[in-house]
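Encoded as structure tokens, the structure appears first; notes follow it.
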Amino acid sequence: MQQPVRIAPSILSADFARLGEEIRALEAAGADYIHIDVMDGHFVPNITVGPMVVKALRPHTRLTFDVHLMISPVDPMLDAFAEAGADILTVHPEAGPHVHRTIQRIKALGLRAGASLNPGTPAKMLDYILEELDLVLVMSVNPGFGGQSFIDSQLRKIEALRKSIDKTGKTIDLEVDGGIDAVTATRAIAAGADVLVAGTATFKGGDYAANIARLRGN
Ligand code: DX5
Ligand code: ZN
């Protein structure tokens, strides 16, 4: 069942020189999750942060750390992100040869496990692991950069996944990431999403609370 909407600001659009402060400001502004985009310059054409930064940020908030791993191979890094204080680890099925094993490992570490689908990756990629997941992340842009435009075709994928998730009878977050603003947020929620990642739209203009409220539809 679709849950109440939660907002997951992506720190990709934060001031990286003041990340701790930025995260505290996001918590005060009403964020639900902190979305941390981990990029390796190999799986995606950009490099961001690793477990050391996650660990340094951990004391700054009690909010859920929603860590989006855009790295390959991903398996050798799972333990380090768990130790650093991640709450959710989301992986792309293309980032390793055995996604089922990767998901099991994340769960064995005591974390919530997510799987993410690139715009070109079909929903059916998750058919045989869906019941194992705590979160499905639909990429509505090609991963690597903030500030890109929402790809409309992903709404159909969200609709299809909403149905598949509901069929499991389990509570699995359906998160959408990329090009989310007040308009695309409404469309993604209508399609069945219940967690919205937003980088640009959260940080734009500096009033994080107003921006987050707008994404919720307030
Ligand atoms: C892109 C990242 C996103 C990104 C979203 O690879 O996964 O989380 O920060 O940025 P906006 O909201 O600006 O599209
Ligand atoms: Zn992301």
Side-chain angles (χ1 to χ4, degrees), residues 5-16 19 22-23 26 29 31-51 53-54 57 63-72 74 77 81 86-95 106 112-121 133-155 157-158 173-189 193-208 210-216:
V5 174
R6 279 142 297 150
I7 306 296
S10 163
I11 61 165
L12 198 58
S13 298
D15 179 350
F16 270 52
L19 272 185
E22 291 276 59
I23 281 179
L26 292 170
D32 298 290
Y33 295 171
I34 300 294
H35 186 83
I36 302 176
D37 287 305
V38 177
M39 306 184 184
D40 66 353
H42 165 74
F43 185 71
V44 291
N46 198 2
I47 299 179
T48 55
V49 300
V53 173
V54 174
L57 293 175
L63 292 182
T64 296
F65 273 179
D66 170 28
V67 178
H68 178 192
L69 296 175
M70 289 161 275
I71 61 176
S72 171
V74 67
M77 295 306 295
F81 280 102
D87 298 291
I88 305 171
L89 286 182
T90 296
V91 299
H92 287 251
E94 295 92 346
I106 294 169
R112 292 164 68 191
S116 178
L117 299 174
N118 286 327
T121 305
L133 297 173
D134 300 294
L135 179 147
V136 173
L137 173 57
V138 174
M139 289 306 302
S140 39
V141 298
N142 286 295
F145 304 95
Q148 304 181 78
S149 300
F150 188 90
I151 300 171
D152 285 348
S153 58
Q154 302 309 301
L155 289 168
K157 195 189 288 178
I158 295 169
D173 286 353
L174 182 49
E175 183 175 49
V176 58
D177 184 3
I180 292 292
D181 58 21
V183 174
T184 53
T186 307
R187 297 172 71 203
I189 293 165
D194 51 16
V195 184
L196 307 176
V197 176
T200 306
T202 300
F203 288 89
K204 203 173 176 181
D207 188 344
Y208 306 165
N211 291 343
I212 288 170
R214 201 171 303 121
L215 291 169
R216 279 190 215 283

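Each ligand, and each atom within it, is numbered from 1 in the order the structure gives.
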Using a 4.0 Å heavy-atom threshold (strictly under), name the region of D37 that reaches ligand 1: side chain, backbone, both or neither.
side chain

Donor-acceptor side-chain pairing of T48 and D37 below 3.5 angstrom:
no

Side chains of V74 and F43: does their closest heavy-atom pair fall under 4.5 Å?
no

Proximal atoms of ligand 1 relative to A198 (non-hydrogen, under 4.0 Å):
12 (O)

Among D87, D173, D134, whose salt bridge (Lys or Arg N to Asp or Glu O under 4.0 Å) with R112 holds?
D173

Which ligand 1 atoms are under 4.0 Å away from a heavy-atom of P143?
6 (O)

Report yes if N142 has an N/O atom closer than 3.5 Å to an N/O atom of ligand 1; otherwise report no.
no

Restricting H68 to its N/O/S atoms, the closest one to the Zn ion (ligand 2) is ND1

For M139, the ligand 1 atoms with a heavy-atom partner under 4.0 Å come out as 7 (O)

H35 heavy atoms within 4.0 Å reach ligand 1 at atoms 8 (O)

Side chains of D66 and T90: does their closest heavy-atom pair fall under 4.5 Å?
yes

Can you tell me the protein heavy atom closest to atom 9 (O) of ligand 1 and the distance?
S10 OG, 2.9 Å

Under a 4.0 angstrom heavy-atom cut-off, which atoms of ligand 1 come close to V197?
8 (O)

Check whether any N or O atom of G179, backbone or side chain, sits under 3.5 Å from an N or O atom of ligand 1, and answer yes or no.
yes

Rounded to the nearest 10 degrees, what's the angle OD1 of D37 makes with NE2 of H35 at the Zn ion (ligand 2)? Could you check?
90°

Test of proximity, G147 against ligand 1: N or O pairs below 3.5 Å
yes

Find, among atoms of D177 that are N, O or S, the one nearest to the Zn ion (ligand 2), and state its name.
OD2

Could you tell me if the side chain of S10 sits less than 4.5 Å from the side chain of T202, heavy atoms only?
no

If you have a sec, work out which protein heavy atom is nearest atom 10 (O) of ligand 1 and how many Å separate them, to one decimal?
G146 CA, 3.5 Å

Number the atoms of ligand 1 from 1 as they appear, then name those within less than 4.0 Å of a heavy atom of H68, with their elements.
7 (O)

Should G199 be counted as touching ligand 1, given the test is an N or O pair under 3.5 Å?
yes

Using a strict 4.0 Å cut-off to heavy atoms of F145, name the atoms of ligand 1 that fall inside it.
1 (C), 6 (O)

Are V176 and Q154 side-chain neighbours, meaning at least one heavy-atom pair lies under 4.5 Å?
no

M70 heavy atoms within 4.0 Å reach ligand 1 at atoms 6 (O), 7 (O)

Taking the inter-plane angle between the rings of F203 and Y208 on a 0 to 90° scale, is it parallel (under 30°), tilted (30 to 60°) or perpendicular (over 60°)?
perpendicular

Is any side-chain heavy atom of L57 less than 4.5 Å from a side-chain heavy atom of V49?
no

Can you tell me which residue and heavy atom of the protein come closest to atom 13 (O) of ligand 1, and the distance to 0.1 Å?
T200 OG1, 2.5 Å

Going by an N to O cut-off under 4.0 Å, is there a salt bridge joining R216 and D32?
yes

Judging by distance only, is a nitrogen or oxygen of S13 under 3.5 angstrom from one on ligand 1?
no

For I71, the option from H92, M77, M39 that meets side-chain contact (heavy atoms from CB on, under 4.5 Å)
M77

G144-ligand 1 polar pair, N/O distance under 3.5 Å:
yes

For atom 5 (C) of ligand 1, what's the nearest protein heavy atom and its distance?
D177 OD1, 3.5 Å

Are the side chains of V53 and F16 in contact, using a 4.5 Å heavy-atom criterion?
no

What closest approach, in Å, do L133 and A115 show between heavy atoms, and which atom pair accounts for it?
CD1-CB, 3.8 Å

Between D181 and K204, is there a salt bridge with N-O shorter than 4.0 Å?
no

